[in-house]
Amino acid sequence: MDKQELASILDEIAVFLELKGENVFKCNAYRNASRTIANLEQDLNDFHTPADLSQIKGIGSSLAEKIYSFIQTGHFPLYEELKAGIPTGIVEMLRIQGLGPKKARTLHEKLGIASIGELEYACRENRLLEIPGFGEKTQENILKGIEYLKKSQGRFHLHEAKAAAGNLYEDLSRLSFVKHIEIAGSLRRYKETIKDIDLLITTTKPEKVMEAFVSHPLVEDTIARGKTKSSVRLSSGINADLRVVSDEEFPFALMYFTGSKEHNILMRGRALKQGYKLNEYGLFRRDSNKSKALESEAEIFAELGLSYIPPELREDQGEIDAAEKKAIPKLVQFKDLRGLFHLHTPYSDGLPSIQDYVDYARKRDWEYIGISDHSQSAYYANGLSLEKIERQIREIDSINGKIGGFRIFKGIESDILPDGSLDYPDNILALFDFVIISIHSKFKMTRDEMTGRIIRAMQSPYATMLGHPTGRLLLGREGYQLDMEAIIKSAAANHVAIELNSHPYRLDLDWRYIRRAIEAGVLISVNPDAHRLENMEYAELGTGIARKGWCEPRHILNAQSARQAQEFLRRKHAQ
Ligand code: DGT
Ligand code: CA
Ligand code: ZN
């Protein structure tokens with residue numbers, strides 16, 4: 001029985017109970033239990049009786065009975081009953097940013113709204129103003145939330161699409177009659193969200209490949225099946241297209257289907273100017289229907305007078321001009337990273353111990369790590385008291401004293417309080433090697449207020465890195481209003497590095513601004529924001545996004561040696 005599955009059932013029960021208007025304590029009990037189960041070290045199968053389960057802090061005896069029966073039977077009757085009793089449209093409404101169970105219940109009770117569509121209509125008719133406690137502002141925010149949801153619908157997080165595509169790639173490339181196979185499209189370009197997966201194959205047996213593709217275990221539905229192209233829907237809801245092309249066409253098809261569309265249009269225009277026609281089938285001299293024989297994308301670029309453009313840069317951001325001038329940067333690679341900052345431990349809301357992180361990092365040949373738990377104001381994330389800070393620092397000093405050739409940096413992720421001050425007095429902040437400053441509360445300030453708040457925080461001599469700068473959650477929540485240009489400028493002036501938070505839901509700073517930041521002289525830190533060991537690998541996604549931001553190793557704080565990184569952090573303190 002899977003802990004995560006149980007945790008999400010408990011969490012959903014909490015939501016259902018709130019939708020029904022049950023009392024807060026009961027709802028919170030389920031919500032807390034969900035978190036406890038998700039972070040449990042033991043396996044569910046290690047609990048042999050309900051009494052064993054009720055030993056867990058925060059799990060009472062009646063809940064322990066229910067969980068035990070779930071482990072035994074795979075059923076959670078309360079969950080099933082609640083779920084059946086609540087219209088699914090109301091649950092879907094909760095995906096709207098800023099609309100919690102309480103408001104959703106009121107909307108249902110007062111206006112009979114039971115779906116996102118109905119809610120949108122009601123907002124446009126100004127109906128929400130009739131309800132006590134709902135104002136113009138709430139209605140406007142709900143509409144904005146709905147618009148955002150519609151815009152992002154049908155897209156998926158990068159890591160999810162990447163995992164599915166990787167799985168298809170592996171299984172298909174194992175077939176003896178598959179010669180070349182590549183993942184193209186937005187996934188190859190490392191876009192932060194993905195609409196669908198594009199696979200390209202050359203093969204001697206197209207029909208067999210198509211058969212293997214549509215009958216792959218990840219596939220739920222076949223949308224279209226043909227000789228050269230098939231489309232399927234995976235069980236995760238992501239669509240995948242597979243195209244079979246000839247060996248001669250392969251590099252041209254790869255270039256075309258990698259995109260982006262905007263980049264392709266520019267490339268085609270360039271080819272035309274040079275007397276060529278460029279498309280997915282080849283590169284043709286005018287008046288000829290036989291393509292130039294070229295072996296690779298690099299050769300196509302070269303034929304058009306360009307150096308190779310890595311897929312991440314193919315976004316119509318000046319890459320073709322740069323390639324013409326042979327000025328494409330030597331982009332950072334995942335293996336260039338030498339250490340990782342922003343790791344959470346059980347001192348706040350992370351799972352792995354400091355030693356766990358050290359062991360994992362050393363196995364991966366990283367040279368240093370930076371621990372940064374939440375600060376005291378982040379009570380929901382178990383933020384650190386002064387006593388815990390002291391204890392953690394002692395633990396780090398002790399491990400640092402014992403290991404050679406590796407370094408643990410002491411840090412904290414300090415909340416930026418609404419007035420722009422940090423979460424501890426200076427004498428406490430001075431204990432750390434680095435301080436990540438992040439916003440975790442009061443998201444709804446005006447653009448000027450928020451910009452001022454962050455700039456004020458960056459002016460602290462102890463602020464070394466700005467954490468997840470926009471606060472966005474991809475496909476979930478738009479970032480707060482702020483003037484990013486002003487923030488970048490101030491980061492440069494105050495020697496603050498900007499985090500590229502590599503959590504797949506964040507990928508924040510956005511790559512479009514990363515390029516602006518490094519041009520302004522700001523260092524980027526590719527941080528996993530890890531709460532589990534395997535989250536350290538998020539830095540691979542972050543590196544892809546850094547590449548999209550035109551970053552070379554010299555632009556990345558954690559692509560530097562421990563000594564260089566320390567030098568940067570110290571210079572800031574010494575200011
Ligand atoms: P997405 O939305 O995440 O799936 O993004 P892409 O870039 O994978 O877009 P997709 O799957 O619609 O198409 C794959 C590539 O095919 C795209 O990046 C460029 C190429 N392509 C598609 N439609 C057009 C088009 O109308 N003109 C040109 N020049 N290229 C196109
Ligand atoms: Ca695609
Ligand atoms: Zn954070």
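Shortest non-hydrogen contact noted between P206 and K227 is CB-O, 3.9 Å. When all heavy atoms of A486 and T451 are compared, the pair lying nearest together is CB-CG2, 4.0 Å. Closest heavy-atom contact between I488 and A517: CG2-CA, 3.7 Å. The two residues F213 and S230 make their nearest non-hydrogen contact at CE2-O, 3.7 Å. Shown here for D241 and S231, the closest heavy-atom pair between the two residues is OD1-OG, 2.9 Å. For the pair G185 and D198, the tightest heavy-atom approach, listed with the atom from each and the gap, is CA-OD2, 3.5 Å.
Residue E207 places its CD atom among 12 or fewer non-hydrogen atoms of other residues, nucleotides or ligands, all under 6.0 Å distant. Summarising the local packing, CD of E295 is surrounded by 12 or fewer heavy atoms from other residues, nucleotides or ligands at distances under 6.0 Å. Crowding of K137 atom NZ: a count of heavy atoms from other residues, nucleotides or ligands under 6.0 Å not exceeding 12. More than 12 heavy atoms of other residues, nucleotides or ligands sit less than 6.0 Å from atom CZ of F409. Crowding of N126 atom CG: a count of heavy atoms from other residues, nucleotides or ligands under 6.0 Å exceeding 12. Taking a 6.0 Å sphere around OH of Y121, one finds it holds 12 or fewer heavy atoms contributed by other residues, nucleotides or ligands.
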Would E120 and R124 count as a salt bridge (Lys or Arg N to Asp or Glu O under 4.0 Å) if you check the C-alpha gap in whole Å, the side-chain angles of each, and the deciding distance to 0.1 Å?
CA-CA 6 Å; E120 183 177 9; R124 301 223 184 268; 3.1 Å; yes
Take N527 and S525 through the test side chain to side chain donor-acceptor pair (under 3.5 Å) and record every step on the way to the result.
CA-CA 6 Å; N527 294 350; S525 191; 2.7 Å; yes
Give the intermediate values and the outcome of side chain to side chain donor-acceptor pair (under 3.5 Å) for residues R286 and Y276.
CA-CA 6 Å; R286 224 176 274 143; Y276 279 119; over 6 Å; no
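Donor-acceptor pairing under 3.5 Å is recorded for the side chains of E499 and N501. For H344 and D529, the side-chain atoms include at least one donor-acceptor pair closer than 3.5 Å. No side-chain N or O of H503 forms a donor-acceptor pair with one of H157 less than 3.5 Å apart.
Each of K162, K548, R512, R155 was evaluated against E192; a single residue qualifies, R512, per the salt bridge (charged side-chain N to carboxylate O under 4.0 Å, His left out) test. Each of F341, Y357, F406 was checked for a ring pair (Phe, Tyr, Trp, His ring centres under 6.0 Å) with Y368, and the lone residue meeting it is F341.
Remark: side-chain polar atoms of S173 are paired, donor with acceptor, to backbone N or O of Y169 under 3.5 angstrom. The closest donor-acceptor contact from the side chain of N535 to the backbone of R532 lies under 3.5 Å. In terms of modelled atom types and a separation under 3.5 Å, the side chain of R233 and the main chain of I223 share no donor-acceptor contact. Checked by atom type and distance alone, the side chain of T203 pairs as donor or acceptor with a backbone atom of F177 at under 3.5 Å. For E537 (side chain) and E534 (main-chain N/O), no donor-acceptor pair under 3.5 Å exists by modelled atom type. At distances below 3.5 Å, at least one donor-acceptor pair connects side-chain atoms of R270 with backbone N or O atoms of L304. Within the 3.5 Å criterion, the main-chain N or O of V526 finds no donor-acceptor partner in the side chain of S502. Side-chain N or O atoms of D359 include none that pairs as donor or acceptor with a backbone N or O of D356 at under 3.5 Å. Proximity of a side-chain donor or acceptor of T258 to a complementary backbone N or O of L254 within less than 3.5 Å is detected. At distances below 3.5 Å, at least one donor-acceptor pair connects side-chain atoms of E319 with backbone N or O atoms of D316.
Between E297 and R188 there is a salt bridge, since a side-chain N of the basic residue sits under 4.0 Å from a carboxylate O of the acidic one. Between R563 and E567, no side-chain nitrogen of the basic residue sits less than 4.0 Å from a carboxylate oxygen of the acidic one, so the salt-bridge criterion is not met. Using a 4.0 Å cut-off between charged side-chain N and carboxylate O, E315 and R515 make no salt bridge. Residues K144 and E478 are not paired through a salt bridge, judged by the lack of any N-O separation under 4.0 Å between the basic side chain and the carboxylate. Looking at R516 and E519, a side-chain N of the basic residue comes within less than 4.0 Å of a carboxylate O on the acidic one, giving a salt bridge. Between E303 and R285 there is no salt bridge, since no side-chain nitrogen of the basic residue lies less than 4.0 Å from a carboxylate oxygen of the acidic one.
Proximity of L218 to D171: side-chain heavy atoms (C-beta onward) are nowhere separated by under 4.5 Å.
Ring geometry for W366 versus Y360: interplanar angle of 30 to 60°, hence tilted.
Applying the salt bridge (charged side-chain N to carboxylate O under 4.0 Å, His left out) criterion to R554, with sequence neighbours excluded, gives E552.
For the pair R547 and Y190, the cation-pi test (distance below 6.0 Å, angle within 45°) is failed.
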